[in-house]
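Here is the structure we will look at, set down as structure tokens.
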Amino acid sequence: MMSEINAQGSISGNILRLERASIHDGQGLRTVLFLKGCPLRCPWCSTPESQLAAAQKGYDLFRCTICGKCIKSCPEGALKISPGADQVITNPDKCKLCFACAAVCPVTAVKKYGFQLTAAETLDQICKDEIFYFHSGGGLTISGGEPFMQGDFTAAVLRECKMLGIHTAIESCMHLPYDHIEKALPWLDHLYVDIKQMDSRLHQLWIGVDNTMIIENTRKADSSGYPVGIIVRIPLITGFNDSDQNLVAVAEFCSTLVNLIKIEILPYHRLGSETYRLLGLDFPCWELDPQSDEDLEERASFLKSKAGNIAVITGSGFSAK
């Protein structure tokens with residue numbers, strides 16, 4: 001029988017990057033496929049380069065030596081040295097994002113975020129790590145951005161992985177039409193759902209959309225009939241969702257999920273701030289302080305006290321009792 005990937009392997013995906021041997025994105029050693037495009041704009045986003053579906057250009061002025069090679073390479077004449085001769089500046093009206101500048105930069109001061117691969121090409125890359133999956137109980141995790149925004153591509157990759165016996169997982173914000181999600185569920189082992197705030201008004205205030213679709217889609221996936229294990233993740237943001245009231249609401253919601261495996265509390269961090277700079281964007285959350293391990297563990301213990309038999313862990317590995 002012809003492999004499904006032969007029939008659908010020509011479907012292309014917008015890829016951000018592929019990371020190998022991750023221990024933070026599911027069980028065992030995992031290959032993490034980051035896709036481009038996200039429907040949300042969370043101010044604390046750690047991968048701002050994943051938000052747009054199209055490829056983007058970054059520029060590291062501290063690395064740039066002002067050698068001029070990028071300027072000579074640009075077919076549109078979109079680049080020039082600044083009046084202060086301390087950086088290369090881009091005319092956005094002329095730049096066509098051909099990335100000729102990135103190709104010739106000798107110090108990688110110009111960066112390209114995003115490229116395309118077919119499902120078949122992606123599977124070839126995933127299978128290079130196959131031996132590690134079977135020895136560690138790992139597999140593939142598709143992250144982003146939002147993987148379900150590229151539903152056909154995501155489903156094609158997951159389908160072939162399952163046919164090869166590779167464990168599969170997805171990290172999702174769940175804010176998109178359910179039919180994008182549903183087509184991948186037959187090929188999915190674990191679904192990581194990002195629950196940011198149970199109060200719809202606060203969700204709207206901080207993120208720009210309410211949480212109605214997220215909650216509804218999580219319930220639908222849980223009752224789909226597919227044996228998909230659900231892990232609820234909470235990115236803990238001081239002043240936004242770390243209150244007793246919100247954690248109690250999360251516990252109550254999670255208690256209604258039949259296929260819930262556990263709840264994970266993840267600490268806020270500023271790891272994405274450097275990428276904001278390279279993209280020429282302001283980082284919105286400089287005034288937010290990351291929680292200490294002790295604060296994270298205290299919140300996890302409180303949540304566990306309200307969650308009954310549900311397992312609660314933190315990103316630092318603490319398991320609440």
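All values below come from the heavy atoms of this structure, side chains included, with hydrogens, waters and symmetry mates left out. The shown structure was predicted, so the numbers you read here are calculated from the model rather than taken from an experiment.
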| task | Sequence neighbours left out, what pairs pass side-chain hydrogen bond (donor to acceptor under 3.5 Å, both in side chains) with at least one residue falling in residues 104-116? | result | N14-Q116
| field | Residue pairs, two or more places apart or on separate chains, that pass ring-ring contact (aromatic ring centres under 6.0 Å, His included) and touch residues 229-258 | value | W44-F240, W206-F240
Could you list the donor-acceptor pairs under 3.5 angstrom formed by side chains in residues 88-105, with sequence neighbours left out?
{"unit_1": "T90", "atom_1": "OG1", "unit_2": "K57", "atom_2": "NZ", "d": "3.2"}
{"unit_1": "N91", "atom_1": "OD1", "unit_2": "D93", "atom_2": "N", "d": "2.9"}

| Test salt bridge (charged side-chain N to carboxylate O under 4.0 Å, His left out) applied to D210 and R201, step by step | CA-CA 7 Å; D210 66 33; R201 180 187 61 83; over 6 Å; no
| said: Considering only residues two or more places apart or on different chains, which pairs with a residue in residues 45-84 satisfy ring-ring contact (aromatic ring centres under 6.0 Å, His included)? | reply: none
| field | Which residues share a side-chain hydrogen bond (donor to acceptor under 3.5 Å, both in side chains) with T31, sequence neighbours left out | value | D129, Y133
| What distance do L257 atom CG and S223 atom OG have between them, rounded to the nearest 0.5 Å? | 9.5 Å
| Do F132 and L164 belong together in a cluster built from hydrophobic side chains that touch within less than 4.5 Å? | no
| task | Check whether any side-chain heavy atom of P235 sits under 4.5 Å from a side-chain heavy atom of D194, and report yes or no. | result | yes
| task | Would you please name every residue forming a salt bridge (Lys or Arg N to Asp or Glu O under 4.0 Å) with K162, sequence neighbours left out? | result | D189
| query | Counting distance only, does the side-chain N/O of D242 pair as donor-acceptor with the main-chain N or O of G239 below 3.5 Å? | reply | yes
| Is P227 close to N259 at the side-chain level, that is, under 4.5 Å between some pair of heavy atoms? | no
| Residue pairs involving residues 260-274 (criterion side-chain hydrogen bond (donor to acceptor under 3.5 Å, both in side chains); sequence neighbours excluded) | R233-E264, K262-E264, R270-D289, E274-R277
| Can you tell me how far the CG atom of L191 sits from the CD1 atom of I231, to the nearest 0.5 Å? | 7.5 Å
| query | Does one side chain, of T314 or E297, offer a donor that lies under 3.5 Å from an acceptor on the other? | reply | no
| message | Counting C-beta onward and ignoring hydrogens, is there a side-chain heavy-atom pair between T141 and I170 closer than 4.5 Å? | response | no
| Where the side chain of K36 meets the backbone of E49, is there a donor-acceptor pair that is under 3.5 Å apart? | yes
| query | Do the side chains of L205 and V250 join up, straight or via other hydrophobic residues, at under 4.5 Å, putting them in one cluster? | reply | no
| request: Flag yes if L296 and L303 sit in one hydrophobic cluster, no otherwise; membership is Ile, Leu, Val, Met, Phe, Trp, Tyr, and two members link when side-chain heavy atoms are under 4.5 Å apart. | output: yes
| Which residue pairs pass the side-chain hydrogen bond (donor to acceptor under 3.5 Å, both in side chains) test when at least one of the two sits in residues 65-85, sequence neighbours left out? | S82-D86
| task | Group every Ile, Leu, Val, Met, Phe, Trp and Tyr by side-chain heavy-atom contacts under 4.5 Å, then state whether L188 and F34 land in the same group. | result | no
| task | Answer whether the closest heavy-atom distance between the side chains of I126 and V157 falls below 4.5 Å. | result | yes
| Are D222 and K220 close enough for a salt bridge, meaning some N to O gap below 4.0 Å? | no
| G145 backbone acceptor or donor facing S50 side chain under 3.5 Å | yes
| message | Check whether N246 reaches the backbone of M198 with its side chain - one donor and one acceptor, N or O, closer than 3.5 Å. | response | yes
| task | Step by step, work out the side chain to side chain contact (heavy atoms under 4.5 Å, CB included) result for S172 and V193. | result | CA-CA 5 Å; S172 175; V193 176; 5.9 Å; no
| Can you check whether L236's main-chain N or O pairs, donor with acceptor, with N241's side chain at less than 3.5 Å? | no
| said: Apply side chain to side chain contact (heavy atoms under 4.5 Å, CB included) to residues I234 and I263 and explain how you reach the verdict. | reply: CA-CA 8 Å; I234 308 169; I263 304 171; 3.9 Å; yes
| message | Between D25 and S22, do the side chains contain a donor N or O and an acceptor N or O under 3.5 Å apart? | response | yes
| task | Report the residues that fulfil side-chain contact (heavy atoms from CB on, under 4.5 Å) with I23, sequence neighbours left out, ordered by chain and then residue number. | result | L29
| field | ring-ring contact (aromatic ring centres under 6.0 Å, His included) partners of residues 162-201, not counting sequence neighbours, each pair once | value | H167-H190
| Hydrophobic cluster identity match, I195 and L260, side-chain contacts under 4.5 Å | yes
| query | When you measure from the side chain of Q204 to the backbone N and O of G208, does any donor-acceptor pair fall under 3.5 Å? | reply | yes
| task | Kindly indicate whether the side chain of L33, heavy atoms from C-beta on, has any atom under 4.5 Å from the side chain of I15. | result | yes
| Any donor and acceptor pair, going by atom type alone, linking the side chain of E146 with main-chain N or O of C173 inside 3.5 Å? | yes
| task | Please collect all ring-ring contact (aromatic ring centres under 6.0 Å, His included) contacts where either partner lies in residues 276-312, sequence neighbours excluded, each pair once. | result | Y276-F283, F283-W286
| query | Any side-chain heavy atom of L247 within less than 4.5 Å of one from S243? | reply | no
| query | Do N211 and Q197 have side chains that get closer than 4.5 Å, going by heavy atoms? | reply | no
| query | Can any side-chain N or O of T118 pair as donor or acceptor with the backbone N or O of E121 at less than 3.5 Å? | reply | yes
| request: Tell me, with the steps shown, if K196 and I207 meet side chain to side chain contact (heavy atoms under 4.5 Å, CB included). | output: CA-CA 9 Å; K196 301 172 179 67; I207 299 174; 3.2 Å; yes
| task | Could you give me the CA-CA distance, side-chain angles and deciding distance for V312 and R299, then say whether side chain to side chain contact (heavy atoms under 4.5 Å, CB included) is met? | result | CA-CA 10 Å; V312 177; R299 292 286 77 193; over 6 Å; no
| field | R219 side chain reached by T256 side chain, heavy atoms, under 4.5 Å | value | yes
| note | The salt bridge (Lys or Arg N to Asp or Glu O under 4.0 Å) partners of R30 (sequence neighbours excluded) come to none
